[in-house]
Amino acid sequence: MIQRIAIIGMGTMGPGMAARLARGGLQVTAYDLAPAALERAQAMLSVAESVLQSLGIVAPAAGGGAVRFTSDIADAVSGANLVIENVPENISVKAEVYRRIDGLVGSDTIVASDTSGIPITQLQAHISNPERFVGMHWSNPPHIIPMIEVIGGAQTAPETVQTIRDLIRSLGLLPVVVKKDVPGFVENRVLYALLREVVDLVERGVIEPEDIDTCVSWGIGYKLAVVGPMALLDMAGLDIYNSVSSFLNADLADRKDVAPMIGEKIAAGTLGIKSGVGIYPYTPDRIAEVQRERARKLVAIRRILEEKD
Ligand code: NAD
């Protein structure tokens, strides 16, 4: 049974994950290579805890878990039943972490990666117990989005996938098992198909960014939160899908490289919120406002979606 979890890497994703796991009654140790990241993570943990409070997610009666920060990786993984690697999306950085923890954890410790899409089969080549290695892909913000993808690689034991799926369920979250280790898994494949099309439409001058955001959020996103895409096929009728797809599929964006608009913005140093400009401009006040507003609305929508009739 999983009771102690170590999180390696406390950047964007780590603090929310730690807060959610502790709220499920688990003992979490949190490690990061960078002292500044560990310090930032403590403030982010408090924010995530108050969001969980507002979602009504309370610790089990048997006793709450806790998060302990440490700057020593051996201390972090000592006694852990599960280690979640959450360092940048780069195979060599991740492989270095696996090498480092290999000699520090027991042979029955499960090591999970929060990779957004590097095939698990590639990652598990760098660890000596590949049958105990699994993908556990959270969605950002991890303390608010309840769906987590679970992916086994070629060498992952079925019991490892099952243990992680059961853990996620026991926390009241929604595990989705991805049956084949395809790059990007499923959530990001669907998202990136959508992003390729919207960037193409903006680049071709079909629509302005503000208008496509309104179109997708209110026309598609709002509905998809209630009716999943496969159920949407039934709602529309498969005959309608068939006739529209028969002419539209051939016209959809299908480029294999990245749209030039993205490269041009990167070359100009406009990377998005982190640079103050991306597709849209942001002032520091606006960034704080956007982040508060998004968290508040995601919490409100989730409450409604969880209501039973
Ligand atoms: P991040 O860059 O915000 O944070 C990574 C942290 O890892 C940093 O604090 C860094 O100091 C630390 N780190 C780097 N090398 C380390 C090492 N050797 N040991 C310990 N700590 C180390 O990254 P993130 O956005 O939190 O993403 C982490 C992982 O989660 C990536 O694989 C990413 O693809 C995945 N992911 C990200 C998101 C997202 O929206 N950001 C969503 C789902 C999954």
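Quantities reported herein were computed from a predicted structural model and do not represent experimental measurements. Whatever order the structure lists them in is the order used to number ligands and atoms, beginning at 1. Atom set for the values below is all heavy atoms of this structure, side chains included, hydrogens, waters and symmetry mates excluded.
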Participant: Return the set of residues passing ring pair (Phe, Tyr, Trp, His ring centres under 6.0 Å) with Tyr222 (not counting sequence neighbours), or none when no residue passes.
Facilitator: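 Once residues adjacent in sequence are excluded, the partners of Tyr222 under the ring pair (Phe, Tyr, Trp, His ring centres under 6.0 Å) criterion are Trp218.
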Participant: State which residues pass salt bridge (Lys or Arg N to Asp or Glu O under 4.0 Å) with Asp200; sequence neighbours excluded, sorted by chain then number.
Facilitator: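 In terms of salt bridge (Lys or Arg N to Asp or Glu O under 4.0 Å), with neighbours along the sequence ignored, Asp200 is linked to Arg204.
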Participant: Less than 4.0 angstrom from a charged side-chain N to a carboxylate O is my criterion; do Arg303 and Glu307 meet it?
Facilitator: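 Answer for the salt bridge query: no.
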Participant: With sequence neighbours left out, which residue pairs that include part of residues 93-107 fulfil the salt bridge (Lys or Arg N to Asp or Glu O under 4.0 Å) condition?
Facilitator: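 Every salt bridge (Lys or Arg N to Asp or Glu O under 4.0 Å) pair that includes a residue of residues 93-107, provided the two are not neighbours, is Glu85-Lys94, Glu89-Lys94, Glu96-Arg99.
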Participant: Return the protein residues near ligand 1 (heavy atom under 4.0 Å from any of its atoms), ordered by chain and residue number.
Facilitator: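 If the criterion is a heavy atom under 4.0 Å, then ligand 1 touches Ile8, Gly9, Met10, Gly11, Thr12, Met13, Tyr31, Asp32, Leu33, Ala34, Ala37, Asn86, Val87, Pro88, Glu89, Val93, Lys94, Val97, Asp114, Thr115, Ser116, His137, Trp138, Asn140.
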Participant: Does one hydrophobic cluster hold both Val105 and Leu123, with members joined at side-chain heavy-atom distances below 4.5 Å?
Facilitator: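 As far as the 4.5 Å side-chain criterion goes, Leu123 and Val105 are connected within one cluster.
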Participant: Closer than 4.0 angstrom, basic N to acidic O: yes or no for Arg296 and Glu293?
Facilitator: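 Between Glu293 and Arg296 there is no salt bridge, as every charged N stays at least 4.0 Å from the carboxylate O atoms.
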